[in-house]
There are 2 protein chains.
Amino acid sequence: MGFFDTHKPLLDRALRAIEERGYWEAYPEAPSRKIYGETAKEDGEAAFRARLGGRFALDGHPSNGKTAGKEVSPYGMALDIAYPTADINALVAASREAGKGWAQAGPETRVGICLEILHRLNRHSFEMANAVMHTTGQPFVMAFQAGGPHAQERGLEAVAYAWREMTRTPAHVTWTKPQGKHDPIVLEKEYRVIPRGLALVVGCATFPTWNSYPGLFASLATGNTVIVKPHPTAILPLALAVETARAVIADAGLDPNAVLLAVDEPGAEITKALATNEAVAIVDFTGSSAFGEWLRENARQAQVYTEEAGLNSIVVTGTDSFKAMCANIAFSLSLYSGQMCTAPQNVYVPRDGIGTDEGHKGFDEVADGIAGAVDKLLGDPARAAGICGALAAPATLERVGACAKLGTLARASAPIEGLDEARTATPLIVKLDGANAHDHEEERFGPISFVIAADDAHDCIRRASEGARRKGALTAAIYATDEALIDEAADAFAAAGVVLSCNLTGGIFVNQNAAFSDYHVTGANPAGNACLTDAAFVANRFRISAIRRPRAA
Amino acid sequence: MGFFDTHKPLLDRALRAIEERGYWEAYPEAPSRKIYGETAKEDGEAAFRARLGGRFALDGHPSNGKTAGKEVSPYGMALDIAYPTADINALVAASREAGKGWAQAGPETRVGICLEILHRLNRHSFEMANAVMHTTGQPFVMAFQAGGPHAQERGLEAVAYAWREMTRTPAHVTWTKPQGKHDPIVLEKEYRVIPRGLALVVGCATFPTWNSYPGLFASLATGNTVIVKPHPTAILPLALAVETARAVIADAGLDPNAVLLAVDEPGAEITKALATNEAVAIVDFTGSSAFGEWLRENARQAQVYTEEAGLNSIVVTGTDSFKAMCANIAFSLSLYSGQMCTAPQNVYVPRDGIGTDEGHKGFDEVADGIAGAVDKLLGDPARAAGICGALAAPATLERVGACAKLGTLARASAPIEGLDEARTATPLIVKLDGANAHDHEEERFGPISFVIAADDAHDCIRRASEGARRKGALTAAIYATDEALIDEAADAFAAAGVVLSCNLTGGIFVNQNAAFSDYHVTGANPAGNACLTDAAFVANRFRISAIRRPRAA
């Protein structure tokens with residue numbers, strides 16, 4: 001049985017999921033021995049350890065004989081992995097050469113291969129978890145989930161969308177036009193999916209797989225060959241993904257150079273040269289707004305899909321469960337040290353305070369409530385490490401220090417005990433008054449948040465949604481007991497193109513985003529022009545060409 | 001019954017048609033009194049005549065008190081219609097103001113309005129036929145069909161795609177995530193279609209309605225307001241469409257400024273200023289490659305959808321019905337004097353000739369066969385007028401004269417007898433040898449074609465498909481008795497992103513393109529980046545925004 005037939009039931013379920021958009025788990029998120037095997041955890045760690053200090057081999061991959069790679073774990077250890085490098089012209093030539101067979105393989109073969117790649121990636125989720133953890137600084141469980149099954153689900157989602165769009169048009173049709181008393185005109189028409197060509201996927205430093213799989217799999221499924229350019233500080237996760245993809249493609253009897261790895265080092269990046277190469281027809285990019293803008297300005301020969309930075313806000317206007325609200329916000333601020341692109345930065349609170357189940361709470365009491373909830377959440381150092389992880393970039397640690405001076409501290413940042421080799425910082429919370437402060441109006445990436453005093457609930461909504469419109473945002477949240485305020489916020493944030501979460505308490509958080517149900521980025525504000533995943537994300541990666549001829553007599 | 005319910009059966013049928021892609025006539029193409037009414041023809045002409053020499057009124061439309069309009073029929077008569085003009089800032093402000101209600105009206109209301117607009121346009125197809133004929137020079141029957149029902153079908157197709165894409169995502173879903181022994185997490189999620197904002201539709205001189213309706217209706221249905229900027233020589237057809245659209249929108253109780261008309265005059269065009277206005281989020285353009293390129297370079301704030309020029313070819317390698325082949329090609333060269341964007345320009349023939357049912361035919365015999373078929377087709381002046389119509393632009397007539405000197409004449413162009421006031425020219429056919437000629441390698445718009453000698457059948461296919469890849473093409477055709485050559489051409493033209501027609505004889509022609517079945521432009525070569533109509537044409541005109549909240553206890 002071929003890959004497509006093997007995985008057809010999963011594809012069918014995924015197709016239903018993207019229509020229904022209810023809850024569905026395609027790949028188990030629990031890092032459980034019962035699911036992944038009794039020795040899966042140890043095997044995965046051993047496989048990861050075996051990569052360290054060695055040369056990462058990719059058989060048949062273009063190479064200039066040199067290597068690159070200077071990854072250092074945010075937890076302290078140097079990975080010391082040497083990846084093969086290749087000249088850009090050689091990469092492009094190999095990709096184009098593989099492209100002929102990849103285009104001709106057709107949707108079914110390609111989708112089968114994509115599903116098998118995802119299947120094998122899933123089986124190696126523990127190795128991937130270690131790779132993600134030690135390149136991004138994510139805590140282990142997050143690295144497993146976001147780097148493994150959740151990323152795989154985003155990839156599966158893209159494959160499902162690609163399949164759906166490619167198969168909307170029949171492969172053949174007989175077109176019969178009546179001619180009154182005369183014989184009808186009968187044309188046989190054949191429709192073919194034709195890819196754009198060569199796609200570039202540019203990975204990011206914090207979620208190398210989760211943010212790259214959608215573009216990678218959407219381009220592959222639709223017949224484009226892909227060059228994967230990891231962030232120089234987070235190469236290993238994508239190198240593993242490329243290795244797996246190439247193995248599956250080779251097993252299917254096709255040229256594994258349909259997926260290539262382009263490695264570079266900090267300070268000697270090759271992304272610009274790759275992205276502007278005339279052969280590159282598609283670019284998927286996750287990263288800074290500055291580089292996203294550069295790509296849109298310069299990679300003019302390509303379709304450019306971006307996810308960039310944003311200014312995510314929470315509006316607090318009232319709650320009937322003050323403690324649960326503070327605990328929920330505290331977790332959102334703490335998770336992966338605020339390094340998720342969906343993490344909130346700005347918490348807007350009316351200057352005169354809010355009504356709660358504990359009575360009126362003044363502005364300072366709200367800020368203190370959140371700060372206290374963070375203290376409580378992170379009181380146990382082991383738990384703090386498991387929630388916050390480490391900081392991916394040294395600049396983030398410097399930023400935490402600098403931002404502490406921007407206003408009155410509601411909570412000071414501190415290193416996490418017991419992670420002495422790691423680069424860590426618990427959430428910094430700074431109070432500002434929106435009437436005269438502007439420091440919160442740009443993105444301050446990392447465990448940095450602001451509690452901002454505004455005139456009233458309407459002013460909170462207006463400031464938060466205008467920030468989203470101007471600077472972009474991927475998430476927004478509101479706490480309110482007044483339905484009219486929720487409606488007002490719903491309209492304001494929809495107009496700003498931001499997903500809004502209302503009154504979240506308990507085990508669901510504004511920064512969480514579920515494949516098959518939640519759209520990630522709307523594409524309607526400066527936080528990115530692409531949405532993971534909607535029809536627009538896949539429909540323009542291929543075109544339909546037709547051949548028509550009169551029916552043979 | 002509201003507009004949506006009234007037209008729901010038509011929408012449902014259109015949704016089926018875009019999936020099946022078989023033959024379907026949504027609006028009758030026959031200019032028949034039985035269908036359109038006993039006096040429809042005279043009523044339509046009278047309505048058109050009543051517009052002449054007058055002021056075109058648009059109640060409630062922004063105006064600066066001035067007028068513009070210098071249309072002259074290619075058949076000789078000055079239309080002398082004065083259209084209201086408005087400053088760009090006033091147009092943008094009015095469009096944005098109307099945009100609030102238009103976005104909030106929702107998919108069902110907007111789609112119902114679009115379907116009613118199309119219905120009313122259909123009822124006035126005879127008036128439109130006169131308007132199209134006397135701005136573009138199309139012969140009457142073509143002006144009726146392409147300007148009326150066929151254009152309406154392209155509009156309906158876009159509405160169907162928009163509806164399908166907008167309704168792919170449910171409006172609400174309950175997301176229930178199991179939590180083992182604990183209660184599940186239950187979120188209520190609401191999804192909203194949010195438009196990009198303001199769309200600009202730039203009409204062309206030859207098919208003002210057929211090429212504009214897809215973008216117009218796709219943008220309108222997805223919640224964007226539209227400013228329609230007609231070509232200064234073909235204003236009336238789009239002014240009529242705007243008038244109808246505004247009437248329907250007003251009848252629905254919404255602000256008619258959701259559709260605006262922006263008129264200018266030759267030499268004082270406002271398209272660049274409009275297209276680069278910061279508020280314009282979408283541009284649909286049909287016209288020259290030079291202006292298409294300008295838009296892509298400069299209208300950077302907008303999604304730009306283009307249909308530009310191309311180099312359409314016919315490859316003649318052999319036939320089992322020589323006369324029918326020549327007659328078919330002759331009609332394609334003659335129809336609307338080669339001014340269709342789908343008209344062939346280059347006919348490639350092996351230098352040593354081809355095999356046919358009449359025995360071997362040398363290169364010159366093939367050229368003479370086509371030329372003779374044109375002579376025969378246009379032998380009767382009245383029939384010639386009904387097929388060729390008039391030339392939209394004086395430059396086209398000059399070009400015919402200039403191109404006659406580029407090689408050996410297979411057929412000389414001549415004016416059409418009896419159309420003495422009109423600007424006319426029958427097909428010019430020039431013979432070239434591909435080994436040393438290059439004059440056919442750029443677009444020569446109008447009744448100008450080349451019969452080009454190539455080394456053999458493979459060389460014909462290679463030259464034609466490479467021309468398409470380099471300069472763009474919207475159509476291609478091959479005549480062959482060898483299936484292997486058809487396969488070779490199918491692969492070559494698919495790779496160049498061009499629709500291929502094989503061995504057309506009888507009543508179907510390479511320049512014809514049927515809504516709901518044939519895609520117009522693939523978007524995969526320089527002839528345009530958009531395809532009429534595929535999912536990519538509509539899916540990026542709106543985004544989905546979501547609101548999620550825990551289920552109330």
Side-chain angles (χ1 to χ4, degrees), chain A residues 18-23 25 103 165 168-170 173-179 182 184-185 187 189-192 194 196 296-297 300 486 490 493-495 497-508 514 517-519 522-524 531 534-536 539-540 543-550, chain B residues 18-23 25 103 165 168-170 173-179 182 184-185 187 189-192 194 196 296-297 300 486 490 493-495 497-508 514 517-519 522-524 531 534-536 539-540 543-550:
Chain A
I18 61 176
E19 298 280 339
E20 296 177 348
R21 302 205 81 81
Y23 170 80
E25 181 177 68
E165 292 306 320
R168 301 300 295 271
T169 302
V173 74
T174 303
W175 184 86
T176 305
K177 181 175 183 176
Q179 299 292 301
H182 303 285
I185 295 171
L187 290 180
K189 301 187 184 185
E190 176 197 341
Y191 302 97
R192 293 188 187 185
I194 52 172
R196 286 203 171 269
R296 284 192 300 273
E297 287 288 333
R300 305 291 302 286
I486 292 181
F493 286 103
V498 193
V499 176
L500 178 67
S501 297
C502 307
N503 293 326
L504 295 188
T505 57
I508 191 84
S517 182
D518 294 321
Y519 294 103
T522 61
C531 177
D534 60 9
N540 217 2
R543 316 301 312 191
I544 301 285
S545 185
I547 297 142
R548 55 182 200 175
R549 56 164 90 187
Chain B
I18 61 175
E19 298 280 339
E20 296 176 348
R21 304 204 79 82
Y23 170 79
E25 181 177 68
E165 293 304 322
R168 302 299 294 271
T169 301
V173 73
T174 303
W175 185 86
T176 306
K177 180 174 183 177
Q179 298 293 300
H182 304 284
I185 295 170
L187 291 180
K189 301 185 182 186
E190 177 198 342
Y191 302 98
R192 294 188 186 184
I194 52 173
R196 284 203 173 271
R296 283 192 300 274
E297 287 289 332
R300 305 290 302 285
I486 292 180
F493 286 103
V498 193
V499 176
L500 178 67
S501 297
C502 307
N503 292 327
L504 294 188
T505 57
I508 190 84
S517 183
D518 295 322
Y519 293 102
T522 62
C531 176
D534 60 10
N540 218 1
R543 316 301 313 193
I544 301 284
S545 185
I547 298 141
R548 55 182 199 176
R549 55 164 91 189

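Throughout, protein chains are lettered first and strands after them, A, B, ... in sequence-line order, and every chain is numbered starting at 1. Computed from heavy atoms alone, side chains included, the values below leave out hydrogens, waters and symmetry copies.
Contacts of Arg548(A) with chain B are made by both backbone and side-chain atoms, with heavy-atom separations under 4.5 Å. Both the backbone and the side chain of Ile544(B) come within less than 4.5 Å of a heavy atom in chain A. Within the 4.5 angstrom heavy-atom criterion, atoms from both the backbone and the side chain of Glu297(B) approach chain A. For chain A, the nearby part of Arg300(B) is the side chain; its heavy atoms alone come within less than 4.5 Å. At a 4.5 Å heavy-atom cutoff, the contact between Glu165(B) and chain A is made by side-chain atoms alone. If you measure heavy-atom distances from Thr176(A) to chain B, the contacts under 4.5 Å come from the backbone alone.
Taking Pro178(B), Gly506(B), Ala103(B) one by one and counting their heavy-atom pairs under 4.5 Å with chain A, the maximum is reached by Pro178(B). In terms of non-hydrogen atom pairs under 4.5 Å with chain B, the most contact-rich of Thr505(A), Thr174(A), Asp518(A) is Asp518(A). Most heavy-atom pairs under 4.5 Å with chain A: of the set Thr522(B), Asn503(B), Ile18(B), Val173(B), this distinction falls to Thr522(B). No other option in Ala524(B), Ala539(B), Ser517(B), Pro184(B) has as many heavy-atom pairs under 4.5 Å with chain A as Ser517(B). Of the listed residues (Ala536(B), Ala514(B), Cys502(B)), the one with the most heavy-atom contacts under 4.5 Å to chain A is Cys502(B). The candidate with the highest count of non-hydrogen atom pairs below 4.5 Å against chain B, out of Arg21(A), Glu190(A), Arg296(A), Arg196(A), is Arg21(A).
Taking the side chain to side chain contact (heavy atoms under 4.5 Å, CB included) definition, one finds that Ala490(A) meets it with Leu500(A), Arg192(B), Ile547(B), sequence neighbours left out. For Ala546(B), the side chain to side chain contact (heavy atoms under 4.5 Å, CB included) test picks out Val499(A), Tyr191(B), with sequence neighbours left out.
If you take OH on Tyr23(A) and CD1 on Ile185(B), they are separated by 9.5 Å, rounding to the nearest 0.5 Å. For the atom pair CG of Leu187(B) and CD1 of Ile508(A), the computed distance is 5.0 Å after rounding to the nearest 0.5 Å. Rounding to the nearest 0.5 angstrom, the gap separating the CZ atom in Arg543(B) from the SG atom in Cys531(A) is 5.5 Å.
With salt bridges taken as basic N to acidic carboxylate O contacts below 4.0 Å, none links Asp534(B) and Arg168(A). Using a cutoff of 4.0 Å between basic side-chain nitrogens and carboxylate oxygens, Glu25(B) and Lys177(A) are not scored as salt-bridged.
A donor-acceptor pair is defined here as one N or O able to donate and one able to accept, closer than 3.5 Å; such a pair exists between the side chain of Ser545(B) and the backbone of Val498(A).
Taking every heavy atom of both residues into account, Ile486(B) and Arg549(A) meet most closely at CG2-NH2, 3.0 Å. Closest approach of Pro170(B) to Glu20(A), counting heavy atoms only: CG-O, 3.6 Å.
Leu504(B) places a side-chain heavy atom less than 4.5 Å from the side chain of Pro550(A).
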